[in-house]
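Below: the structure, in structure tokens.
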Amino acid sequence: MYFKVEGNHLLGREGYELLRVEPWGTNAVRVRVTQNTKIQEEAYALTEPVKKNGTAVIREGETGVVENGRIRVEVNKQGILRVFRDGKPVLEEYDQSWAGAFPHSGCLKRKAREMKPLPGGSFKLAARFQSRDEEKIFGMGQYQQPQLNLKGCVLELAQRNSQITIPFAVSSLGYGFFWNNPAVGTVMFGNNYTEWTARMSDQLDYWVTVGENPREILANFTEAVGRAPMMPEDIMGLWQCKLRYRTQEEVLEVVREYHRRQIPLDVIIIDYFHWIHQGDWAFDPEYWPDPKAMVKECASMGTKVMVSVWPTVDINSVNMQYMKEHGLLIRTARGSEQSYNFLGDTRICDMTNPEAGTFFWETLKKNYYDQGISLFWLDAAEPELLNSDFDHYIYYKGSCEKVGAMFPKEYARHVYEGQKADGEEHPVNLLRSAWAGSQKYGTVVWSGDIFSHFQALRDQLAAGLNIGLAGIPWWVSDTGGFHGSIEAPYFKELLVRWFQFGTFGAILRMHGDRGPHNIPKLSDDTKGGGFCPTGQPNELWSYGEDVYEILKSYTMLRIRMKPYIKRVMEEAHVCGAPAIRTMFFEFPQESICWNLEDQYMFGSDVLVAPVLYEGMTSRNVYLPSGAKWTDLHTGETYEGGQTIEKKTPLSVIPVYVRGEDREIIFS
């Protein structure tokens with residue numbers, strides 16, 4: 001490979017391969033490689049106006065070097081790239097095509113970077129890096145698995161219901177790696193090597209940063225892709241939801257009952273099929289005769305209304321003909337045009353199409369926003385494609401295989417920007433999926449349609465911590481899980497433990513499809529809001545007096561904690577720190593904290609040790625050194641640097657406040 005320098009960019013060429021390495025943000029570089037005639041300028045997630053200072057030189061004619069603060073990247077004559085932090089190597093490409101670094105394997109002829117041409121000028125990509133035994137890897141979004149440390153895991157880079165791919169990895173070696181590519185693919189964090197793949201892409205594009213600790217690394221990343229706005233204080237309390245409130249009167253009865261019981265309710269959520277057909281994006285007037293009056297009455301009791309909308313469009317929707325004529329729907333590569341089949345033959349609004357996004361928001365504005373509704377539950381945000389045959393769907397921006405991961409971010413963007421343009425000061429919307437940078441569009445991410453059991457609760461803790469390290473600070477799961485029956489012998493215990501966990505997070509939200517499903521439908525029609533079934537009641541008082549008293553006590557605790565929650569949200573807004581954090585995020589100097597997977601920090605000063613197993617009556621809690629810790633429940637203070645045992649009757653989740661004054665979280 002031969003090199004040249006243009007400004008502070010390093011350019012390299014070897015045959016048909018073009019390489020560009022350039023400074024990009026704080027202690028960071030961007031690397032792009034293609035076999036096309038030029039490097040493409042598509043930003044993908046690297047959208048923010050960051051500094052691009054740094055230097056590029058060619059050393060002794062053999063090695064290209066780019067430096068930017070604490071990071072240095074070297075590319076040798078063979079084209080092998082190495083990343084250094086403060087002069088120490090932290091990342092190196094894994095190459096078996098020559099006999100330099102791997103004299104025993106040069107005959108394999110396997111390159112660190114592979115680009116296999118596809119019809120139309122795109123490539124099937126692979127990029128490989130050396131693995132280190134001592135390395136731990138975190139982040140990457142949300143995967144339904146118990147592993148917090150992703151070393152040894154193989155992850156699909158694709159959006160699915162309850163799986164969210166945000167390809168940013170935080171390494172214990174002091175670097176962060178972002179795969180700036182929305183293509184469907186995989187990453188394997190193997191013990192022998194790491195491999196990133198994309199099924200279809202125009203070029204290899206990744207971004208690397210270094211930092212003293214995970215906090216700095218995440219700050220660098222969110223500086224480059226965007227940070228969350230400030231969350232409004234009036235939605236930091238309880239959100240009430242179930243599958244599903246079927247009528248305007250049902251919603252009002254619930255809000256009135258919370259008000260009567262003097263339990264503050266910040267948000268009431270109206271789930272799906274309050275419409276006639278998917279894609280109408282409007283209330284069914286038979287069951288919702290006066291939405292504006294409903295919103296006004298809820299507001300008088302201190303409660304905002306959120307509505308669920310899907311990107312799906314039924315063939316019988318009032319909007320189908322217009323959207324089809326104007327090319328606003330996702331296309332299929334062959335055969336049927338259908339892309340989804342839940343309660344109707346449906347297609348999907350193509351949120352990567354600017355015209356489709358504008359039409360979608362204008363319809364929401366007319367039918368909801370102008371009725372006083374400013375919070376939207378943008379469900380099915382992956383989108384949930386029929387059978388997840390990614391090669392079958394074609395978006396405005398390209399094949400789903402090529403750009404599919406960016407769909408939920410575009411979905412969030414269109415609504416957020418529409419709200420801002422129409423005067424909404426602090427838009428906040430709930431989505432079931434995300435991609436890198438989704439947080440800057442006021443996105444609360446929830447973990448999808450998970451099951452109601454303790455294993456799922458344990459999986460959500462790992463999922464929530466890792467998606468926070470991928471830049472998403474506002475994350476929540478369905479309290480008690482989504483799919484489950486209230487008749488399960490463990491359900492009430494599970495619900496309480498999950499609610500306690502949710503109390504110490506970005507959002508506290510009741511939701512779930514509560515069986516048994518024996519409630520008669522409102523109508524035998526095959527359309528409209530009356531034919532779709534509903535689940536059992538899911539309000540705080542729905543599970544008996546003992547459970548109610550516990551849930552109420554934690555709701556009121558959450559309300560009292562709003563001053564502290566506000567500080568947590570300010571930190572997310574200013575520097576990208578997640579609301580719930582791994583122990584090593586706050587205490588990277590303590591090696592034990594890198595191995596703790598069953599406790600976490602809520603903000604900087606509240607340590608939470610959730611009860612994650614059925615029947616657990618006590619558990620161990622590690623209190624980090626360098627501080628004293630005060631039991632939130634008892635006021636007892638402990639020295640840090642020790643593991644203690646805490647009794648956990650059903651009403652208690654172990655929580656410790658940093659310092660000797662637990663009252664700091666209430667003021």
Side-chain angles (χ1 to χ4, degrees), residues 138-139 148 170 172 174 176 211-223 227-231 233 236 439 461 464-476 500-508 557-558 560-610 621-633 635 637-642 644 653-667:
F138 306 90
L148 182 62
V170 176
S172 61
E212 187 66 30
N213 50 50
R215 180 184 292 274
E216 286 188 9
I217 291 168
L218 190 57
N220 295 348
F221 175 59
T222 54
E223 177 188 53
R227 292 177 180 147
M230 183 60 198
M231 178 179 284
E233 187 174 350
M236 292 179 184
Q439 61 272 9
L461 177 56
L465 293 174
N466 269 328
I467 200 171
L469 287 169
I472 303 292
W474 300 353
W475 175 91
V476 66
Q500 292 167 340
F501 167 53
T503 299
F504 300 94
I507 296 294
L508 175 60
L557 173 61
R558 173 89 181 182
R560 292 176 59 213
M561 285 198 304
K562 277 193 174 184
Y564 178 73
I565 296 171
K566 184 177 180 181
R567 295 197 293 272
V568 173
M569 295 306 176
E570 285 174 345
E571 195 174 0
H573 172 55
V574 172
C575 64
I580 66 170
R581 309 167 184 180
T582 60
M583 295 301 298
F584 64 76
F585 188 90
E586 286 295 329
F587 305 98
Q589 72 282 0
E590 289 200 60
S591 59
I592 188 174
C593 288
W594 289 86
N595 297 314
L596 290 173
E597 299 190 353
D598 63 350
Q599 61 182 70
Y600 67 94
M601 296 297 296
F602 177 41
S604 297
D605 295 321
V606 176
L607 187 157
V608 185
V621 183
Y622 177 71
L623 305 176
S625 60
K628 292 185 177 180
W629 297 91
T630 301
D631 189 314
L632 181 63
H633 301 285
T637 298
Y638 299 85
E639 291 289 342
Q642 64 171 321
I644 63 171
I653 177 176
V655 178
Y656 298 85
V657 179
R658 195 195 308 230
E660 299 183 65
D661 181 12
R662 59 179 171 172
E663 297 297 317
I664 64 169
I665 66 172
F666 304 127
S667 60

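Since we're looking at a predicted model, the values are computed, not measured.
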- Met601 side chain near Phe585 side chain, heavy-atom distance below 4.5 Å: no

- Nearest atoms (heavy-atom pairs only) where Pro214 meets Val170: CB-CG1, 4.3 Å

- Message: Side chains of Arg227 and Thr222 only: does a donor on one sit below 3.5 Å from an acceptor on the other?
- Response: yes

- With distance as the sole test, does Thr630 use its side chain to make a donor-acceptor pair with the main-chain N or O of Gly659 at under 3.5 Å? yes

- Message: Please determine whether a side-chain nitrogen of the Lys or Arg among Lys562 and Glu233 lies less than 4.0 Å from a carboxylate oxygen of the Asp or Glu.
- Response: no

- Note on the structure: Taking every heavy atom of Arg215 against every heavy atom of Ala577, the minimum-distance pair comes out as NH1-CB, 4.3 Å

- Item | Minimum side-chain heavy-atom gap Phe504-Ile653 below 4.5 Å | yes

- Inter-residue atom distance Asn213.CG - Phe587.CZ, 0.5 Å rounding: 12.5 Å

- Task: Determine yes or no for a side-chain-to-main-chain donor-acceptor pair under 3.5 angstrom, with Gln599 supplying the side chain and Val621 the backbone.
- Result: no

- For the residue pair Pro624 and Phe584, establish whether any side-chain heavy-atom pair is separated by less than 4.5 Å. no

- First locate atom CG of Leu596, then atom CG of Leu607, and finally report the distance between them rounded to the nearest 0.5 Å. 9.0 Å

- Any side-chain heavy atom of Ile580 sitting closer than 4.5 Å to one from Val608? no

- Task: Using modelled atom types only, decide if a donor and an acceptor are shared between the side chain of Arg581 and the backbone of Glu586 within a distance under 3.5 Å.
- Result: no

- Task: State, yes or no, whether a side-chain contact exists between Met583 and Ile592 at a heavy-atom distance under 4.5 Å.
- Result: no

- Message: Could you tell me if the side chain of Met230 sits less than 4.5 Å from the side chain of Lys566, heavy atoms only?
- Response: yes

- Query: Got a second to check how far Trp629's CH2 is from Leu623's CG, nearest 0.5 Å?
  - Reply: 7.0 Å

- Less than 4.5 Å apart, any side-chain heavy atom of Thr503 and any of Met561? yes

- Item | Geometric class of the Trp594/Phe138 ring pair [parallel <30°, tilted 30-60°, perpendicular >60°] | tilted

- Note on the structure: Taking every heavy atom of Gly468 against every heavy atom of Pro578, the minimum-distance pair comes out as CA-CB, 3.6 Å

- Heavy-atom closest pair (Val657 atom, Asp661 atom, distance to 0.1 Å) is CG1-O, 4.0 Å

- Scan side-chain atoms only and decide if Arg662 and Thr637 contain a donor-acceptor pair under the 3.5 Å cut-off. no

- Message: Which heavy atom of Glu571 sits nearest to which heavy atom of Ser604, and what is that distance?
- Response: OE1-OG, 3.5 Å

- With a 4.5 Å heavy-atom cut-off, do Ile665 and Leu632 have their side chains touching? yes

- Message: Apply side-chain contact (heavy atoms from CB on, under 4.5 Å) to residues Val568 and Tyr564 and explain how you reach the verdict.
- Response: CA-CA 6 Å; Val568 173; Tyr564 178 73; 3.6 Å; yes

- Query: Nearest heavy-atom pair of Phe602 and Ile565: which atoms, and what distance?
  - Reply: CZ-CG1, 3.9 Å

- Nearest-0.5 Å distance, CD1 of residue Ile664 to CZ of residue Arg658: 9.0 Å

